[in-house]
Engineer: 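Can you keep this structure in mind? I'll have questions shortly.
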Amino acid sequence: MKKVTVNTFRERKEAAEKLTMITCYDYSTAKLVDQSGIDSILVGDSLGMTMLGYEDTLSVTLEDMIHHSAAVARGAKHPLIVCDMPFMTYSTGVRDAVINAGRLIQEGHAHAVKLEGGVEVKDEIAAIVAAKIPVCAHIGLTPQSVNTFGGFKVQGKDEATVNKLLADAKAVEEAGAFAVVIECVPAPLAKKVTEMLSIPTIGIGAGVDCDGQVLVYQDMLGMFDDFVPKFVKQFAHVGEAMVKGFKDYDEAVKNKSFPTKEHEFSMDESLLDEK
Ligand code: KIV
């Protein structure tokens, strides 16, 4: 299997071939993703919800991201690893943005970083790119702005938000982003942005015409049902299989059908005589 790089992203856009991205947050799952042929892993700050049980992504720290990204990097050798810059790690100035992005690469061993926003973060994107760190932008429904949006709401349904999305898309491309995630916007708008940009668009809840797709792995494997968004397709029912496995184990221990001889270590039992 070939290693995926930012060049692969560029080539796929030129060849009109789709890109795949999936979230991942740990070593053993990264090893499984590595065998799948998926092009890119996003160590998303969605780990705040899926792994840590927060209500949103706002409590996730840079240390959390470094910890999870390094684990993923130990397990995945082929996909391009993109690590999210969490809330408040790039909005306090260009210098902070570059230093924090650098830590995700040096300590988290990611290949690229992702940050949310368009026009308002163009200087941060340009500075991180100038520091030789590839940046994936993220526009549309940007979950770190949940309190500004007043909830997790589809973006681009009125003229103002359509204009904002178009301006954001142009700004991140001009700033040097190598790709852009477009989250929760109507499909015709995502199509327009995809046609307008020379960098690949990676959609989530943005229709079939984006250059690629990203999903949260627990959502698409049917492992996380706190909230199932409309745009999710469950490609497997791993959650059910896990609950069944846990129940079978519980029952087997309690009815003494596990462990059996095959799971035991033997010894010279005379060593126990007269003890
Ligand atoms: O954190 C994340 O998982 C994301 C995806 C929803 C794109 O940003």
Side-chain angles (χ1 to χ4, degrees), residues 9 19-26 29-30 33 38-62 64-69 71-72 76 79-91 100-101 104 108 110 112-118 121 125 134-146 149 151-156 165 168-169 172 177-185 190 193-194 199-207 210-221 223-224 226-233:
F9 272 56
L19 286 155
T20 48
M21 182 185 263
I22 190 89
T23 65
C24 180
Y25 321 100
D26 70 273
T29 311
V33 174
I38 288 177
D39 298 310
S40 179
I41 284 180
L42 173 63
V43 186
D45 60 357
S46 51
L47 67 83
M49 283 120 114
T50 57
M51 305 299 284
L52 305 176
Y54 297 138
E55 271 183 13
D56 53 42
T57 57
L58 304 184
S59 305
V60 176
T61 64
L62 192 70
D64 291 331
M65 297 309 298
I66 291 170
H67 176 78
H68 285 272
S69 182
V72 166
L80 182 83
I81 301 172
V82 181
C83 186
D84 258 338
M85 298 195 69
F87 185 56
M88 294 307 293
T89 62
Y90 53 93
S91 54
N100 291 332
L104 295 177
V113 300
K114 175 165 84 56
L115 55 85
E116 297 182 6
V121 290
I125 294 176
V135 175
C136 178
H138 183 160
I139 60 175
L141 196 179
T142 44
Q144 291 172 17
S145 310
V146 58
F149 290 148
F152 295 105
K153 297 201 164 103
V154 177
Q155 302 295 304
L165 194 88
D168 284 344
V172 301
F178 74 94
V180 56
V181 167
I182 306 182
E183 180 164 352
C184 281
V185 306
V193 172
T194 301
I199 57 171
T201 57
I202 311 293
I204 175 163
C210 292
D211 297 305
Q213 296 291 328
V214 56
L215 282 177
V216 170
Y217 92 83
Q218 287 94 338
D219 286 344
M220 55 79 69
L221 290 184
M223 294 171 69
F224 185 78
D226 285 7
F227 170 67
V228 183
K230 174 181 159 71
F231 55 78
V232 167
K233 174 170 173 176

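When a ligand or atom number is given, it counts from 1 through the structure's own listing order. Both backbone and side-chain heavy atoms feed into the values below; hydrogens, waters and symmetry mates do not.
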Engineer: May I ask you to list the atoms of ligand 1 that are less than 4.0 angstrom from any heavy atom of Lys114?
Structural biologist: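 What qualifies from ligand 1 is 4 (C), 8 (O).
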Engineer: Suppose I only count heavy atoms of Leu42 and a 4.0 Å limit; which atoms of ligand 1 are within that range?
Structural biologist: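 Answer for ligand 1: 2 (C), 3 (O), 4 (C), 5 (C), 7 (C), 8 (O).
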Engineer: May I ask you to list the atoms of ligand 1 that are less than 4.0 angstrom from any heavy atom of Thr23?
Structural biologist: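 Checking each atom against Thr23, I get 3 (O).
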Engineer: Quick one: pull up CG in Leu42 and CG in Asp84 and give me the separation to the nearest 0.5 Å.
Structural biologist: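 If we round to the nearest 0.5 Å, Leu42:CG and Asp84:CG are 5.0 Å apart.
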Engineer: Which of the numbered atoms in ligand 1 are below 4.0 angstrom from a heavy atom of Ser46?
Structural biologist: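 Per the distance check, 1 (O), 2 (C), 3 (O).
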Engineer: Mind checking whether Phe9 and Phe178 have parallel, tilted or perpendicular rings, split at 30° and 60°?
Structural biologist: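 The rings of Phe9 and Phe178 stand perpendicular, inter-plane angle above 60°.
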Engineer: Please classify the Asp45 to ligand 1 contact at 4.0 Å (heavy-atom distances, strictly less than): side chain, backbone, both or neither.
Structural biologist: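 Near ligand 1, Asp45 shows its backbone as well as its side chain.
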Engineer: What part of Asp84 sits under 4.0 Å from ligand 1 if we count only heavy atoms: the side chain, the backbone, both or neither?
Structural biologist: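 The answer is the side chain of Asp84.
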Engineer: Quick one: look at Thr57 and ligand 1, take heavy-atom pairs under 4.0 Å, and tell me if it's side chain, backbone, both or neither.
Structural biologist: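 For Thr57, no heavy atom sits under 4.0 Å from ligand 1.
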Engineer: Quick one: does Glu116 get a heavy atom under 4.0 Å from ligand 1?
Structural biologist: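 Outside the 4.0 Å threshold, so no.
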Engineer: In terms of atom number and element, which parts of ligand 1 are under 4.0 angstrom from non-hydrogen atoms of Glu183?
Structural biologist: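 In order of numbering, the contacting atoms are 6 (C).
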Engineer: Please name all residues satisfying salt bridge (Lys or Arg N to Asp or Glu O under 4.0 Å) with Asp168, sequence neighbours left out, ordered by chain then number.
Structural biologist: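 Only Lys164 meet the salt bridge (Lys or Arg N to Asp or Glu O under 4.0 Å) criterion with Asp168.
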